[in-house]
Trainee: 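For reference, the structure I am asking about is given below.
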Amino acid sequence: MFGALFARRPTAAQRYVAIVVAEPAQEEVQWLAKEATGGDEDRAAWELRYLRRAIGLLVAQRDALDDRTASAVARELAVAMQADRHVAAAMVKVAERQFNERLSAYREMMAMRGLQDTPAERVSRTLLLLSGSTRVELDAVARGAALVERWEDEAEQGLRSSFGDARMSLPGGAPPERREG
């Protein structure tokens, strides 16, 4: 009787992916359009979508207690990208390829060690360059790094709320170590 009213409860991966596919704020889109895309707000929005999704997947890969978590997140993220109303059906493969290229670049920037800048600064600089910036200003890197850090924090919180808190499984409730550059 109530079956149609109470649809299947979303999985943890679906709840998490709903967080990381949230649209960037118009202010963020306008900032990136001004800094890197020559005023093209559509491209800026796509670059920010790719960034947020990549951060979400990278956080799931880094912080999840169970290896299956990142796989489930990747599967649900692929489903969400295929259903994205911003992508024309004929362009889904292109969007997936572009996302994977950016995911690889951001993963590499987060993994680099021994440099003076932070992983968030490296990811920010990469965002700006991939978005078309020909000259990367320090204030733009700083603003992008703040965005990266905020989205990373949101992804970490979303992962905990969707899948459970990894700290509960560690001795003394210690937080998982965060790898910095």
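Along the sequence shown, residues carry numbers from 1.
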Trainee: For Arg125, enumerate each residue passing the side-chain contact (heavy atoms from CB on, under 4.5 Å) test, keeping only those at least two apart in sequence or located in another chain.
Mentor: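 In terms of side-chain contact (heavy atoms from CB on, under 4.5 Å), with neighbours along the sequence ignored, Arg125 is linked to Asp117, Leu129, Val136, Val141.
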Trainee: Quick test of your reading: applying ring pair (Phe, Tyr, Trp, His ring centres under 6.0 Å), list the pairs with at least one residue in residues 84-127, sequence neighbours left out, ordered by first then second residue.
Mentor: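 Pairs touching residues 84-127 that pass the test: none.
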Trainee: For the CG atom on Asp139, are there more than 12 heavy atoms of other groups (residues, nucleotides or ligands in this structure) within a distance under 6.0 Å?
Mentor: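 Enclosed: over 12 neighbouring heavy atoms sit under 6.0 Å from CG of Asp139.
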Trainee: Listed by chain and number, what are the side-chain contact (heavy atoms from CB on, under 4.5 Å) partners of Ala44, not counting sequence neighbours?
Mentor: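 Ala44: side-chain contact (heavy atoms from CB on, under 4.5 Å) contacts with Val29, Leu32, Ala33, Thr37.
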Trainee: Report the residues that fulfil side-chain contact (heavy atoms from CB on, under 4.5 Å) with Arg97, sequence neighbours left out, ordered by chain and then residue number.
Mentor: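 In terms of side-chain contact (heavy atoms from CB on, under 4.5 Å), with neighbours along the sequence ignored, Arg97 is linked to Val94, Glu101.
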Trainee: Just wondering, are more than 12 heavy atoms of other shown residues or ligands nearer than 6.0 Å to CD in Glu27?
Mentor: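 No, the 6.0 Å shell around CD holds no more than 12 heavy atoms from other groups.
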Trainee: Short question: side chain of Arg102, backbone of Ala54 - any donor-acceptor pair under 3.5 Å?
Mentor: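 Flag not set: sc Arg102 to bb Ala54 has no pair under 3.5 Å.
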Trainee: Start with the C-alpha gap between Thr118 and Val123, add the side-chain angles, then the distance that decides, and say whether side chain to side chain contact (heavy atoms under 4.5 Å, CB included) holds.
Mentor: CA-CA 9 Å; Thr118 68; Val123 169; over 6 Å; no
Trainee: At what distance, to the nearest 0.5 angstrom, does CD of Glu152 lie from CG of Leu147?
Mentor: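 Answer rounded to 0.5 Å: 11.5 Å.
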Trainee: Considering non-hydrogen atoms only, spot the tightest contact between Gly158 and Ser161 and give its length.
Mentor: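 Heavy atoms only, the tightest pair is O-OG, 3.2 Å.
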Trainee: Check the pair Arg62 / Glu156 against side chain to side chain contact (heavy atoms under 4.5 Å, CB included), numbers first and verdict last.
Mentor: CA-CA 10 Å; Arg62 180 192 70 197; Glu156 290 168 355; 2.6 Å; yes
Trainee: State, to 0.1 Å, how close Arg122 and Met109 come at their nearest heavy-atom pair, and which atoms those are.
Mentor: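 Looking at all heavy atoms of both residues, the shortest contact is NE-O, 2.8 Å.
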Trainee: Once side chain to side chain donor-acceptor pair (under 3.5 Å) is applied, do any residues pair with Gln61, and if so which ones, sequence neighbours excluded?
Mentor: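 Side chain to side chain donor-acceptor pair (under 3.5 Å) check on Gln61 returns Arg107.
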Trainee: For Gln82, which residues count as a side chain to side chain donor-acceptor pair (under 3.5 Å) partner, sequence neighbours excluded?
Mentor: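 Applying side chain to side chain donor-acceptor pair (under 3.5 Å) to Gln82 gives Glu96.
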Trainee: May I have the step-by-step check of salt bridge (charged side-chain N to carboxylate O under 4.0 Å, His left out) for Glu154 and Arg52, ending in yes or no?
Mentor: CA-CA 10 Å; Glu154 289 174 8; Arg52 190 170 201 165; 2.5 Å; yes
Trainee: Could I get the full list of salt bridge (Lys or Arg N to Asp or Glu O under 4.0 Å) partners for Asp84, not counting sequence neighbours?
Mentor: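 If we apply the salt bridge (Lys or Arg N to Asp or Glu O under 4.0 Å) test to Asp84, skipping adjacent residues, the hits are Arg53.
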Trainee: Where do Ala155 and Gly56 come nearest, in terms of heavy atoms and distance?
Mentor: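 Smallest interatomic distance, heavy atoms only, reads CB-CA, 4.2 Å.
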Trainee: Salt bridge or not for Glu137 and Arg135, using N-O below 4.0 Å?
Mentor: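 Judged by the 4.0 Å cut-off on N to carboxylate O distance, Glu137 and Arg135 do form a salt bridge.
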Trainee: Measure the CZ-OG1 distance between Phe163 and Thr69 for me, rounded to the nearest 0.5 Å.
Mentor: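 These two atoms lie 5.0 Å from each other.
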Trainee: Any chance you could measure Met110, atom CE, to Glu108, atom CD, to the nearest 0.5 Å?
Mentor: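 Taking CE in Met110 and CD in Glu108, the distance rounds to 13.0 Å.
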Trainee: Among residues two or more places apart or on two chains, list those pairs meeting salt bridge (Lys or Arg N to Asp or Glu O under 4.0 Å) that have a residue in residues 33-46.
Mentor: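 Sorted result for residues 33-46: Arg43-Glu47.
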Trainee: Has Glu149 got a side-chain atom pairing as donor or acceptor with Ala146's backbone, closer than 3.5 angstrom?
Mentor: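 Not confirmed, Glu149 side chain does not pair with Ala146 backbone.
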Trainee: Taking only residues at least two apart or on different chains, which pairs with a member in residues 68-81 satisfy salt bridge (Lys or Arg N to Asp or Glu O under 4.0 Å)?
Mentor: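 Non-adjacent pairs meeting salt bridge (Lys or Arg N to Asp or Glu O under 4.0 Å): Asp66-Arg68.
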Trainee: Going through the checks in order, is the side chain to side chain contact (heavy atoms under 4.5 Å, CB included) test met by Leu57 and Val73?
Mentor: CA-CA 7 Å; Leu57 184 54; Val73 167; 4.0 Å; yes
Trainee: On a heavy-atom basis, which atom in Gln14 and which in Arg9 lie closest, and how many Å separate them?
Mentor: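 The answer is OE1-O, 4.5 Å.
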Trainee: Indicate the atoms forming the closest heavy-atom contact of Val87 with Trp46, along with that distance.
Mentor: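 Distance-wise, the nearest heavy atoms are CG2-CH2, 3.1 Å.
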Trainee: What residues, two or more places apart in sequence or in another chain, satisfy side-chain contact (heavy atoms from CB on, under 4.5 Å) together with Ala80?
Mentor: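 Residues passing side-chain contact (heavy atoms from CB on, under 4.5 Å) with Ala80: Val17, Val21.
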Trainee: Strictly distance-based, threshold 3.5 Å: is any side-chain N or O of Ser124 a donor or acceptor partner for the main-chain N or O of Ala120?
Mentor: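 Between the backbone of Ala120 and the side chain of Ser124 there is no qualifying donor-acceptor contact (under 3.5 Å).
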Trainee: Strictly distance-based, threshold 3.5 Å: is any side-chain N or O of Ser162 a donor or acceptor partner for the main-chain N or O of Leu159?
Mentor: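 It does not hold such a pair.
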Trainee: Say you draw a straight line from CD of Glu121 to CG of Leu138; how long is it, rounded to the nearest 0.5 Å?
Mentor: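 Glu121 atom CD to Leu138 atom CG measures 9.0 Å (nearest 0.5 Å).
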Trainee: Output all residues satisfying side chain to side chain donor-acceptor pair (under 3.5 Å) with Gln157, sequence neighbours left out; order by chain, then residue number.
Mentor: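 Result, side chain to side chain donor-acceptor pair (under 3.5 Å) vs Gln157: none returned.
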Trainee: Is Met112 reachable from Leu58 through a run of I, L, V, M, F, W or Y residues, each pair having side-chain heavy atoms under 4.5 Å apart?
Mentor: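 Yes; Met112 is reachable from Leu58 via cluster members.
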Trainee: For Tyr50, check side chain to side chain donor-acceptor pair (under 3.5 Å) against everything at least two apart and list the hits.
Mentor: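 For Tyr50 the side chain to side chain donor-acceptor pair (under 3.5 Å) partners, ignoring immediate neighbours, are Gln98.
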